[in-house]
Number of protein chains: 2
Amino acid sequence: MRLPKLSKLELQIMDALWSGGPLAIREIQETFPQKGRPAYTTVQTMVYRLEVKKALRRARKIGNAHIFEALISRDAAQRRLVDDFLGMFGGRMQPVMAQLIEAGNLTTKDVADAEKLLRDLSKKRKDA
Amino acid sequence: MRLPKLSKLELQIMDALWSGGPLAIREIQETFPQKGRPAYTTVQTMVYRLEVKKALRRARKIGNAHIFEALISRDAAQRRLVDDFLGMFGGRMQPVMAQLIEAGNLTTKDVADAEKLLRDLSKKRKDA
DNA sequence: TAGCATCTATTACGATTGTAGGTGGATTAA
DNA sequence: TTAATCCACCTACAATCGTAATAGATGCTA
């Protein structure tokens, strides 16, 4: 698996690493809001599993605690996520966009940004 | 669960019902491409589970075969899907859009359509 | 009506995910 | 040095999903 599938909780753990640099399990755990924070060993289990999936690795040790760092990029993980998501819709963008808009998740600004990004991107591709 | 979470395969099954009206298991199974089509009993199992989740129900019988019909709308299911998906991104639209565009999933036309839909929608809301 | 085809219903199993307890070793604070 | 913490590691377990086999009932056909 070059790009392992990550669950929501796994994503949240990776997010801690992506945002906060190499962290110990305890630190990862504490990035969760107190309300509904998973147990230390729950985080630990997920970290171990992410290690098996090669999504992160032990970078070094401080005292007897391991410090973990991400091995896959946020971008790559998100790409995978988006792909799976689109797969759910049979790869058709249209219903996805419609849904996003109707649910009010997508604002005028989001669309404007998208437009700009598209323009920039097509320009870059022409240049290259 | 008013809106049960549906997996990809479950979605595909519901899709058959949404598109093709009430169907028997055999008919649902046959909506899958020959290549990689799941076994009859696999579809059967999923249909039974969808029944437990109240996503569909037995509408009537033809011979000894049950005919199933959807109980939840495609729209509602997709809404749930999108919500979960956004939850994966912490609810932030921006990285989602960026990802979609950079991966080339989103075309100029998609964005134009989105724009139009947004305009129509905001108009409707003003009118109401 | 006998037999074949088809369907239903039940059961099973491995993988993944979320959840966490327990045990024992390492660190640290007193 | 000893007790309180903290951490690592292992094990467990329920739920969900995808996969399907098997067995028994029903219906269609010759």
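So that the names make sense, note that chain A is the first sequence line, chain B the second, and so on, each numbered from 1.
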**Message:** I need the CD1-C1' distance between A:Ile25 and D:dA8, as an integer number of Å.
**Reply:** 8 Å
**Item:** Per-nucleotide protein contact string for nucleotides 20-30 of chain C, where B marks a base within reach and S marks sugar-phosphate only (heavy atoms under 4.0 Å, - for neither)
**Value:** BBB--BSS---
**Prompt:** Rounding to a whole Å, what distance do you find between A:Asp84:CG and D:dC17:P?
**Reply:** 15 Å
**Item:** Given C:dT19, D:dC7, D:dT19, the nucleotide with the shortest approach to the side chain of A:Met46
**Value:** C:dT19
**Fill in**
Per atom distances to the B:Ala65 side chain, the nearest of D:dA8, D:dG18, C:dC7 is C:dC7
**Message:** So, using side-chain contact (heavy atoms from CB on, under 4.5 Å) as the criterion, who are the partners of A:Gln12 when residues are at least two apart?
**Reply:** A:Lys8, A:Leu9, A:Phe32
**Prompt:** Under 4.0 Å: is that the gap between some side-chain N or O of B:Tyr40 and OP1 or OP2 of C:dT8?
**Reply:** yes
**Message:** Tell me which pairs pass side chain to side chain donor-acceptor pair (under 3.5 Å) where either residue lies in residues 56-68 of chain B, with sequence neighbours left out.
**Reply:** B:Glu51-B:Arg58, B:Arg57-B:Glu69, B:Arg58-B:His66
**Atom-pair distance (CD on B:Gln29; C1' on D:dG18), nearest Å** = 14 Å
**Asked** What's the CD1-C1' distance between B:Ile67 and C:dT6, to the nearest Å?
**Response** 13 Å
**Request:** Starting from C1' on C:dT10, measure out to OH on B:Tyr48 and report it in whole angstrom.
**Result:** 9 Å
Within the sub-3.5 Å range, which N or O atoms of nucleotides 14-16 of chain D have a protein N or O partner, and how far apart are they?
none

**Asked** Is there a donor-acceptor contact under 3.5 Å from the side chain of B:Gln29 to the main chain of B:Pro38?
**Response** yes
**Message:** Using OP1 and OP2 only, check whether a side-chain N or O of B:Arg58 sits under 4.0 Å from C:dA9.
**Reply:** yes
**Asked** Given atom CZ of B:Arg60 and atom C1' of C:dC7, what is their separation to the nearest angstrom?
**Response** 16 Å
**Prompt:** Of A:Ser7 and B:Arg49, whose nearest nucleotide on DNA chain C comes first from the 5' end?
**Reply:** B:Arg49
**Request:** Under the salt bridge (Lys or Arg N to Asp or Glu O under 4.0 Å) rule, what do A:Asp83 and A:Arg79 come out as? Steps first, then yes or no, please.
**Result:** CA-CA 6 Å; A:Asp83 285 349; A:Arg79 202 156 31 240; over 6 Å; no
**Message:** Could you see if A:Leu121 belongs to whatever hydrophobic cluster contains B:Val111? Use Ile, Leu, Val, Met, Phe, Trp, Tyr and a side-chain cutoff under 4.5 Å.
**Reply:** yes
**Prompt:** Tell me, which pairs form a salt bridge (charged side-chain N to carboxylate O under 4.0 Å, His left out) where one or both residues lie in residues 9-22 of chain A, sequence neighbours left out?
**Reply:** A:Glu10-A:Lys53, A:Asp15-A:Arg74
**Asked** Atom CG of A:Leu9 to atom P of C:dG18: distance rounded to whole Å?
**Response** 5 Å
**Request:** Look at all strands and tell whether A:Arg26 reaches a base, only sugar-phosphate, or nothing, counting heavy atoms closer than 4.0 Å.
**Result:** sugar-phosphate
**Asked** Can you check whether B:Arg119's main-chain N or O pairs, donor with acceptor, with B:Ser122's side chain at less than 3.5 Å?
**Response** yes
**Fill in**
Quick note, salt bridge (charged side-chain N to carboxylate O under 4.0 Å, His left out) partners involving residues 86-113 of chain B, not counting sequence neighbours, are B:Lys109-B:Asp113
**Request:** Let me know the distance between NZ of B:Lys61 and C1' of D:dA25, rounded to the nearest Å.
**Result:** 10 Å
**Message:** Can you tell me how the ring of A:Phe68 sits relative to the ring of A:Tyr48, calling it parallel under 30°, perpendicular over 60° and tilted otherwise?
**Reply:** tilted
